Protein chains: 2
Amino acid sequence: MSGVRAQQKEKTRHALIQAALKHLCAENSFSSLSLREVAREAGIAPTSFYRHFQNMDELGLTLVDEGGLALRQLLRQSRQRIANGGSIIEVSVHTFMDYITRNKNIFRLMLQEQAGTTQELRLAIAREIAHFTNELRDFLIVERKTDERIAKAQSDAIVRIVFSAGADALDLTGDDLRKLTDQTILQVRMIARGALSLHNTN
Amino acid sequence: MSGVRAQQKEKTRHALIQAALKHLCAENSFSSLSLREVAREAGIAPTSFYRHFQNMDELGLTLVDEGGLALRQLLRQSRQRIANGGSIIEVSVHTFMDYITRNKNIFRLMLQEQAGTTQELRLAIAREIAHFTNELRDFLIVERKTDERIAKAQSDAIVRIVFSAGADALDLTGDDLRKLTDQTILQVRMIARGALSLHNTN
DNA sequence: CATTTCAGCTAACAAGTGTACGCTGAATTT
DNA sequence: AAATTCAGCGTACACTTGTTAGCTGAAATG
């Protein structure tokens with residue numbers, strides 16, 4: 001029942017995932033990563049790859065799903081920090097930037113394949129982002145009593161800006177990163193204020 | 001002096017550019033486009049490609065530059081329409097969406113390679129976007145007397161949102177496209193109002 | 001008219017790719 | 001203890017890729 005065999009299989013599956021992630025950087029996109037490369041890095045024969053994934057796209061899908069999961073967990077932490085008092089905007093943006101700088105490769109994958117070649121991957125990424133947007137929208141409606149149409153546009157705008165800034169954050173460190181983060185916070189504040197203003201006048 | 005020869009060369013150079021553009025769609029990214037494919041489509045031998053570009057990256061750079069040029073020209077038109085009266089926000093967003101739907105492939109290229117593998121291309125695209133942002137920022141400072149820091153954040157936010165929405169617009173038509181455009185206008189309004197609000201209180 | 005230039009060609013290469021096929025041996029099941 | 005399963009392997013095949021080297025013939029130059 002312990003499953004020595006299944007355990008070993010899970011292990012090399014993980015090795016494949018790690019191998020793929022390792023090769024993702026500014027110079028190597030996921031779509032330019034070959035099955036053979038991944039297999040080599042993971043220490044198995046190319047043909048053994050098929051024991052774990054039907055093709056590279058399926059591996060990519062797995063990466064996106066795992067990345068999305070990590071993101072959502074972080075968001076939950078973020079919401080807790082807000083519940084304990086603290087600016088929702090500041091905390092959220094900082095949380096997001098932290099996530100990105102600590103999971104650069106997964107985020108890069110999402111950025112690259114968001115406009116990439118494989119429809120399935122594109123959809124998966126769109127789904128992850130929608131997840132993000134919807135949670136924020138619901139928060140705005142329930143906690144902030146925001147009008148639905150406004151809340152939808154507002155959450156969508158915020159997510160777009162934060163993701164876009166996140167893309168730029170990948171190549172920054174230190175003071176530049178701090179500046180970008182501050183500007184992003186300012187921008188999200190703009191949206192929040194603007195939404196409130198439109199809310200009250202319409 | 002007429003240059004029958006130079007004329008012919010320019011012609012096949014154009015054919016190469018068109019061939020590359022033709023193959024850009026949701027299913028074929030620029031980075032997955034091979035030199036041989038482009039040459040085949042343009043009707044020349046693979047090796048003749050080198051008579052025009054040193055490598056594929058140089059072709060990509062050319063595409064980005066040409067796309068950026070078209071975009072800037074459109075922006076100028078847009079600004080004229082504003083001078084003749086009309087909401088700057090509405091006109092600008094509509095102009096942008098028009099550009100995208102009419103130049104889908106160039107815009108796709110920019111989206112795909114914005115987070116792509118070739119540094120030179122990435123930088124070129126970043127430059128084009130910065131161009132966009134800077135012109136808007138200057139407009140805000142000069143015409144709208146906006147504080148510089150606010151103007152910078154505001155223009156940056158607007159460009160981020162419009163580009164991001166543009167990416168989604170690529171796959172939409174008819175009513176969906178109209179809805180997205182309307183929402184984008186609303187979002188830009190939010191930012192404008194929020195910027196004004198922050199401007200007056202700080 | 002003689003010479004030079006040069007866009008485009010063919011042939012060829014080494015390297016890398018995805019994937020089909022069938023084998024092996026250890027883990028698992030019966 | 002015998003039978004089955006199956007993760008991983010090696011071999012092999014048919015392609016595609018970028019790039020080199022050298023030729024050709026028409027256009028440009030003097």
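Please read these numbers as outputs of a predicted model, since none were measured by experiment. In what follows, chains carry the letters A, B, and so on, assigned in the order in which the sequence lines appear, proteins first and then strands, with residues in each chain numbered from 1.
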**Request:** Could you please name the option among D:dG18, D:dT17, C:dC9 that lies closest to any side-chain atom of B:Arg40?
**Result:** D:dT17

**Request:** Please determine, for the side chain of A:Leu35, which listed nucleotide (D:dC9, D:dG8, C:dG18) has the closest atom?
**Result:** C:dG18

Calculate the interatomic distance between [X] atom [atom1] and [N] atom [atom2]; express it in whole Å.
{"X": "B:Glu37", "N": "D:dC15", "atom1": "CD", "atom2": "P", "value": "17 Å"}
{"X": "A:Leu33", "N": "C:dT17", "atom1": "CG", "atom2": "C1'", "value": "13 Å"}
{"X": "A:Tyr50", "N": "C:dT17", "atom1": "OH", "atom2": "P", "value": "12 Å"}
{"X": "B:Lys11", "N": "D:dA27", "atom1": "NZ", "atom2": "P", "value": "13 Å"}
{"X": "B:Ile44", "N": "C:dA7", "atom1": "CD1", "atom2": "C1'", "value": "9 Å"}
{"X": "B:Phe49", "N": "D:dT19", "atom1": "CZ", "atom2": "P", "value": "9 Å"}
{"X": "A:Gln54", "N": "C:dG18", "atom1": "CD", "atom2": "C1'", "value": "14 Å"}
{"X": "A:Gln7", "N": "D:dC6", "atom1": "CD", "atom2": "C1'", "value": "17 Å"}

**Fill in**
Taking for B:Lys9 and for B:Arg36 the nucleotide of DNA chain C with the nearest heavy atom, the one nearer the 5' end belongs to B:Lys9

**Message:** Any side-chain to backbone donor/acceptor pair from A:Thr184 onto A:Leu180? Under 3.5 Å, distance only.
**Reply:** yes

**Prompt:** Do any side-chain nitrogens or oxygens of B:Ser34 fall under 4.0 Å of OP1 or OP2 in D:dT17?
**Reply:** yes

**Request:** Using a cut-off of 6.0 Å, state whether more than 12 heavy atoms not belonging to B:Gln8 lie near its atom CD.
**Result:** yes

**Message:** Students often mix this up, so state it plainly: with edges at 30° and 60°, are the rings of B:Phe132 and B:Phe96 parallel, tilted or perpendicular?
**Reply:** tilted

**Message:** Side chains of B:His199 and B:Thr146: any donor to acceptor distance under 3.5 Å?
**Reply:** no

Answer yes or no: is there an ion pair linking [X] with [Y], defined by an N-O contact shorter than 4.0 Å?
{"X": "A:Lys152", "Y": "A:Asp156", "answer": "no"}
{"X": "A:Arg189", "Y": "A:Glu90", "answer": "yes"}
{"X": "B:Asp175", "Y": "B:Arg178", "answer": "yes"}

Please produce a list of atom pairs where a protein N or O lies less than 3.5 Å from an N or O of nucleotides 21-26 of chain C.
none

